[in-house]
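Notes follow once the structure below has been shown.
Below, all heavy atoms of this structure are taken into account, side chains as well, without hydrogens, waters or symmetry copies. Note that the structure is predicted; figures quoted are calculated from it, not measured. Note that the numbering runs from 1 along the sequence shown for the chain.
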Amino acid sequence: MSKKSLTAAGDLDGSAQQRRRKLMGAVDQLRPEVGVVRACDAFGVARASYWRYRHPAARTAQARRPRRSHRRLPDKERQEVLDLATSSRFVDVAPAAIVATLLDDDSRYLCAVRTMYRILAEQGASQDRRNQRRHPQRPVPELVASEPNRVWSWDITRLPTLRRCPALFLYLILDIYSRFVVGWMVADQETGQLATRLVRVTAARQGIRPNTLQLHADRGAPMIAKSLRDLLEDLDIQRSFSRPRTSDDNPYVESLFKTVKYHPEWPGSFSSQTEAEAWAGAFFRAYNGQHRHSGLLGLTPATVHAGEADAAFQARHKVLMAAYEAHPERFVGGPPRLQQLPAQVWINDPTKRPTAAGALLISTENVIQSC
């Protein structure tokens, strides 16, 4: 155990403090016989730590005593520097340029450049001193689905086209629990009206009841369009948005977009909207009905969306048990277990998201273990 790590651990954990007190007590007992230096070396204790332990009142008084240099500017002159640096003349000028301008134009010297930086830093004005728009802190979206048609996630991606063709956009709505594509559309525009129409048709096809569904998306123009907002209010569908510039807040649709564009039969570009619609229709039919999804333990999205997952797992288990009874030596881990889907599917599960307290706990445990 190092001397430094011993001191650090003593400030973090109760058991470490107890060990520290025992060590200091042992140094006290040995000190009259061999002296402070040898006693501290024998137990691996820093002498400075020992004396701070013996005189805690002096340590506290010393810590509370403010440290001030005799060269520190008086408060009146410091305020003068601050007022000048934040004035309309120098509000967007760096301290080095301020000092140079005062010397050349005004034949005036207030303080050194570093002193001006220090004064501004104490007031939180060492960066841009102009009035800035402060963006609000966006809350982390936390959505959970325990069955199909509880949380939908949707987005729009651009489809590559030939050079002279108009742009094409793929609108996609995905159920995060079943990974089932409940709605999609190819269009030559990216508008709120088209998104509203797609959501209306998809909700009617899926038979969505009021106050049972959350629709999650990023903050693109179609997603925050007034027409879509009014529709969701009429259908009693809750809205949820990702944080700005945070693609991880909409992971399921982003993952599906990659699946689409990395498919072996992906054409690379489309010559017309009709061609894009034909390819997308064939792809999503195969994806929903035939794709063995790793997140669904090898089931297809259509099977999970239809509520047939338990029956499929029971059928699998029956086959596996028959194989186990025929050749148990081939199953090293014992009898097969009945598979089950996760009870909940999250976007930003709060129990798995690191927090400041969690990070502090991890760092504390590392320090204690190093002792």
(request) Please confirm whether the backbone N or O of Ala217 pairs with a side-chain atom of Arg239, one donor and one acceptor, at under 3.5 Å? (result) no

(request) Decide yes or no for Gln189 and Phe169: does some side-chain heavy atom of the first lie under 4.5 Å from some side-chain heavy atom of the second? (result) no

(request) If the plane angle is over 60° it's perpendicular, under 30° parallel, otherwise tilted; pick one for Phe283 and Trp279. (result) parallel

(message) Is the shortest side-chain heavy-atom distance between His293 and Ser178 below 4.5 Å?
(response) no

(message) Is any side-chain heavy atom of Val260 closer than 4.5 Å to one of Trp266?
(response) yes

(request) Look at the side-chain heavy atoms of Ile, Leu, Val, Met, Phe, Trp and Tyr, link any pair under 4.5 Å apart, and say whether Ile156 and Val182 land in one connected group. (result) yes

(message) Could you measure the distance from the CD atom of Glu190 to the OG1 atom of Thr157? Nearest 0.5 Å is fine.
(response) 9.0 Å

(request) Dump the intermediate steps for side-chain contact (heavy atoms from CB on, under 4.5 Å) on Val199 and Ile173, then the final yes or no. (result) CA-CA 8 Å; Val199 173; Ile173 305 178; 4.1 Å; yes

(request) Rounded to the nearest 0.5 Å, what's the gap from CZ on Arg219 to CZ on Arg245? Could you check? (result) 10.5 Å

(message) Could you tell me if the side chain of Val186 sits less than 4.5 Å from the side chain of Phe270, heavy atoms only?
(response) no

(message) Using a strict threshold of under 4.0 Å (side-chain N to carboxylate O), is an ion pair present between Asp249 and Arg138?
(response) no

(request) For a side-chain contact (heavy atoms from CB on, under 4.5 Å) with Leu102, tell me which candidate from Asp104, Ile98, Val99 qualifies. (result) Ile98

(message) Would Arg54 and Asp28 count as a side-chain contact (heavy atoms from CB on, under 4.5 Å) here? Give the steps.
(response) CA-CA 9 Å; Arg54 289 293 306 274; Asp28 273 337; 3.3 Å; yes

(message) For a 4.5 angstrom cut-off between non-hydrogen side-chain atoms, does Glu122 reach Arg118?
(response) yes

(message) With a 4.5 Å cut-off on side-chain heavy atoms, are Thr115 and Arg72 touching?
(response) no

(request) Enter the distance from Thr259:OG1 to Lys261:NZ here, rounded to the nearest 0.5 Å. (result) 12.0 Å

(request) Quick one: do Met185 and Val201 satisfy side-chain contact (heavy atoms from CB on, under 4.5 Å)? Show the steps, please. (result) CA-CA 11 Å; Met185 176 180 63; Val201 172; over 6 Å; no

(message) Please say yes or no: joined through hydrophobic side-chain contacts below 4.5 Å, possibly via intermediate residues, are Val93 and Leu110 part of one cluster?
(response) yes

(message) If we ignore hydrogens and angles and just use 3.5 Å, is the side chain of Tyr177 paired with the main-chain N or O of Phe180 as donor and acceptor?
(response) no

(message) Taking Ala302's backbone N and O only, do any of them form a donor-acceptor pair with Asn288's side chain (distance below 3.5 Å, no angle check)?
(response) no

(request) Say whether Met24 and Phe43 are linked into one hydrophobic cluster, either directly or through other cluster members, by side-chain heavy-atom distances under 4.5 angstrom. (result) yes

(message) I need the Ile119 CD1 to Thr86 OG1 distance, nearest 0.5 Å.
(response) 11.5 Å

(message) Could you check whether any side-chain heavy atom of Pro166 comes within less than 4.5 Å of a side-chain heavy atom of Thr161, counting everything from C-beta outward?
(response) no

(request) Calculate, to the nearest 0.5 Å, the distance between atoms CD and CG belonging to Gln339 and Leu296 respectively. (result) 11.5 Å

(message) Pair Arg20, Tyr53 - check side-chain hydrogen bond (donor to acceptor under 3.5 Å, both in side chains), show working.
(response) CA-CA 10 Å; Arg20 182 171 181 269; Tyr53 173 80; over 6 Å; no

(message) For the CZ atom on Arg197, are there more than 12 heavy atoms of other groups (residues, nucleotides or ligands in this structure) within a distance under 6.0 Å?
(response) no

(request) Indicate yes or no for a side-chain donor-acceptor contact from Thr246 to the backbone of Pro244 under 3.5 Å, with no hydrogens or angles considered. (result) yes

(message) Can you give me the closest heavy-atom contact between His216 and Ser240, atom names plus distance?
(response) ND1-OG, 2.9 Å

(request) State the CZ-NE2 distance between Arg337 and His317, to the nearest 0.5 angstrom. (result) 11.0 Å

(message) If hydrophobic clusters are built from ILVMFWY residues whose side chains come within less than 4.5 Å, do Val144 and Val304 share one?
(response) no

(request) Check the angle between the aromatic planes of Tyr287 and Phe284 and answer parallel, tilted or perpendicular using the 30° and 60° thresholds. (result) perpendicular

(request) Measure from the side-chain N and O atoms of Ser255 to the backbone N and O of Pro251, and report whether any donor-acceptor pair falls under 3.5 Å. (result) no

(request) Please check if the side chain of Asp218 supplies one atom and the backbone of Ser242 the other of a donor-acceptor pair under 3.5 Å. (result) no

(message) I'd like to know if Leu174 and Val345 are part of one continuous hydrophobic network [Ile/Leu/Val/Met/Phe/Trp/Tyr, side-chain heavy atoms within less than 4.5 Å].
(response) yes

(request) Kindly say whether Ser271 contributes a backbone atom to a donor-acceptor pair with the side chain of Glu275 at under 3.5 angstrom? (result) yes

In a table with atom names and distances, give each donor-acceptor pair under 3.5 Å that connects a side chain of residues 227-237 to protein atoms at least two apart or in another chain.
from, atom 1, to, atom 2, distance (Å)
Ser227, OG, Thr196, OG1, 3.0
Asp230, OD2, Lys226, NZ, 3.0

(request) Report, as yes or no, whether the 6.0 Å neighbourhood of atom CG on Asp310 holds more than 12 heavy atoms from other residues, nucleotides or ligands. (result) no

(request) Start with the C-alpha distance between Tyr252 and Leu256, add both sets of side-chain angles, then the distance that settles side-chain contact (heavy atoms from CB on, under 4.5 Å), and finish with yes or no. (result) CA-CA 6 Å; Tyr252 298 102; Leu256 182 53; over 6 Å; no

(request) Mind listing the closest non-hydrogen atom pair of Arg179 and Pro301 along with its distance? (result) O-CB, 3.5 Å

(request) State, with a plain yes or no, whether a side-chain heavy atom of Ile347 is found less than 4.5 Å away from one of Glu142. (result) no

